[in-house]
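One structure is given here, and the rest of the page talks about it.
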Amino acid sequence: QVQLVESGGGLVQTGGSLRLSCAASGVTFSVREVGWFRRAPGKDREFVSAIGWRSASTLYADSIKGRATISRENAKNTVALQMNSLKPEDTAVYYCAAAPPYKMVVRSSMNSYTDWGQGIQVTVSS
């Protein structure tokens, strides 16, 4: 059984920080591309960030580049997304997702990922 669970969301003021975490069971994150996506109110789900096998490479959407860091804690089988200098437009439900093991993927595409968490709310107040 594969299960991804997000945590660390909540309410933060503009300019604040949050650290999201995605914990996995039934899947080894270190051999999977792991991505973060978000869905803002009234908008489609969009790409935020991704990390490659064994943290080999990272990718950030232009909207979050310079304000976020994605990282792995393989001993805990988790992937984290640290977000700083948050803006109201960062308000969304954030989802983590995993691609199949060792697969080369289009990293910003939702179609590349087969396992998804339920999402967690991030609200940035102005």
Side-chain angles (χ1 to χ4, degrees):
Q1 296 277 58
V2 176
Q3 186 176 29
L4 277 56
V5 180
E6 301 94 339
S7 63
L11 176 65
V12 64
Q13 293 184 342
T14 297
S17 299
L18 284 174
R19 181 180 173 89
L20 304 182
S21 182
C22 182
S25 61
V27 55
T28 301
F29 264 169
S30 64
V31 297
R32 292 172 176 253
E33 183 85 20
V34 178
W36 285 93
F37 293 78
R38 67 187 182 188
R39 187 190 298 275
K43 296 184 178 181
D44 293 331
R45 192 174 299 187
E46 66 176 2
F47 173 76
V48 178
S49 184
I51 188 166
W53 307 329
R54 305 178 183 91
S55 304
S57 65
T58 57
L59 179 67
Y60 301 94
D62 289 341
S63 60
I64 202 72
K65 189 181 303 181
R67 301 189 293 119
T69 302
I70 188 169
S71 61
R72 294 182 181 272
E73 291 186 305
N74 289 332
K76 298 180 179 180
N77 206 31
T78 62
V79 170
L81 181 68
Q82 175 72 40
M83 298 188 292
N84 305 313
S85 301
L86 288 165
K87 307 172 182 179
E89 51 263 44
D90 294 317
T91 295
V93 175
Y94 284 71
Y95 302 85
C96 66
Y102 302 107
K103 185 178 180 180
M104 301 296 293
V105 301
V106 179
R107 305 175 75 190
S108 61
S109 174
M110 292 184 294
N111 294 331
S112 297
Y113 301 88
T114 56
D115 298 295
W116 290 80
Q118 292 298 304
I120 191 165
Q121 179 70 46
V122 170
T123 302
V124 184
S125 64
S126 59

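Along the sequence shown, the residues carry numbers beginning at 1.
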What residues, two or more places apart in sequence or in another chain, satisfy side chain to side chain donor-acceptor pair (under 3.5 Å) together with [X]?
{"X": "Q3", "result": "none"}
{"X": "T69", "result": "none"}
{"X": "Y94", "result": "R38"}
{"X": "N84", "result": "S17, Q82"}

key: Side chains of I120 and V93 in contact at under 4.5 Å (non-hydrogen atoms)   = no
query = Considering only heavy atoms from C-beta outward, does the side chain of V34 approach that of Y113 to under 4.5 Å?
reply = no
Drop me the distance from [X]'s [atom1] to [Y]'s [atom2], to the nearest 0.5 angstrom.
{"X": "S108", "Y": "E46", "atom1": "OG", "atom2": "CD", "answer": "11.0 Å"}
{"X": "L86", "Y": "L18", "atom1": "CG", "atom2": "CG", "answer": "5.5 Å"}
{"X": "C22", "Y": "I51", "atom1": "SG", "atom2": "CD1", "answer": "12.0 Å"}
{"X": "E89", "Y": "K43", "atom1": "CD", "atom2": "NZ", "answer": "8.0 Å"}

Would you list the atom pairs, donor with acceptor, under 3.5 Å between side chains in residues 5-13 and any protein atom, with sequence neighbours excluded?
from : atom 1 : to   : atom 2 : distance (Å)
E6   : OE1    : Q118 : N      : 3.3
E6   : OE1    : G119 : N      : 2.9
E6   : OE2    : C96  : N      : 2.9
E6   : OE2    : G119 : N      : 3.2

Worked verdict on K103 versus T114 for side chain to side chain contact (heavy atoms under 4.5 Å, CB included) = CA-CA 11 Å; K103 185 178 180 180; T114 56; 5.9 Å; no
State, to 0.1 Å, how close [X] and [Y] come at their nearest heavy-atom pair, and which atoms those are.
{"X": "I64", "Y": "M83", "result": "CD1-SD, 4.2 Å"}
{"X": "S30", "Y": "N74", "result": "CB-OD1, 3.7 Å"}
{"X": "Y60", "Y": "I70", "result": "OH-N, 2.9 Å"}
{"X": "A68", "Y": "L81", "result": "CB-CD1, 4.1 Å"}
{"X": "S112", "Y": "A99", "result": "O-CB, 3.4 Å"}

ask   = For V27, does its backbone N or O pair with a side-chain atom of N77 as donor and acceptor, under 3.5 Å?
value = yes
message = Given 3.5 Å as the limit, does a donor-acceptor pair link the side chain of T14 with the main chain of S125, or not?
response = yes
Ring geometry between Y95 and W116 (parallel below 30°, tilted from 30 to 60°, perpendicular above 60°) = perpendicular
Any pair counted as salt bridge (Lys or Arg N to Asp or Glu O under 4.0 Å), so long as it reaches [range], sequence neighbours left out:
{"range": "residues 71-82", "value": "none"}
{"range": "residues 57-66", "value": "D62-K65"}
{"range": "residues 25-37", "value": "R32-D115, E33-R107"}

Set of residues satisfying side-chain contact (heavy atoms from CB on, under 4.5 Å) with respect to [X], sequence neighbours excluded:
{"X": "S85", "result": "R67"}
{"X": "A23", "result": "T78"}
{"X": "W53", "result": "Y102, M104"}

inquiry  = Which Ile, Leu, Val, Met, Phe, Trp or Tyr residues join V106 in one cluster when any pair of side-chain heavy atoms under 4.5 Å counts as a link?
reply    = none
task = Give a yes or no on whether V105 and F29 share a hydrophobic cluster (residues Ile, Leu, Val, Met, Phe, Trp, Tyr; joining criterion: side-chain heavy atoms under 4.5 Å apart).
result = no
key: ILVMFWY cluster, F37 and L59 together (side-chain gap under 4.5 Å)   = yes
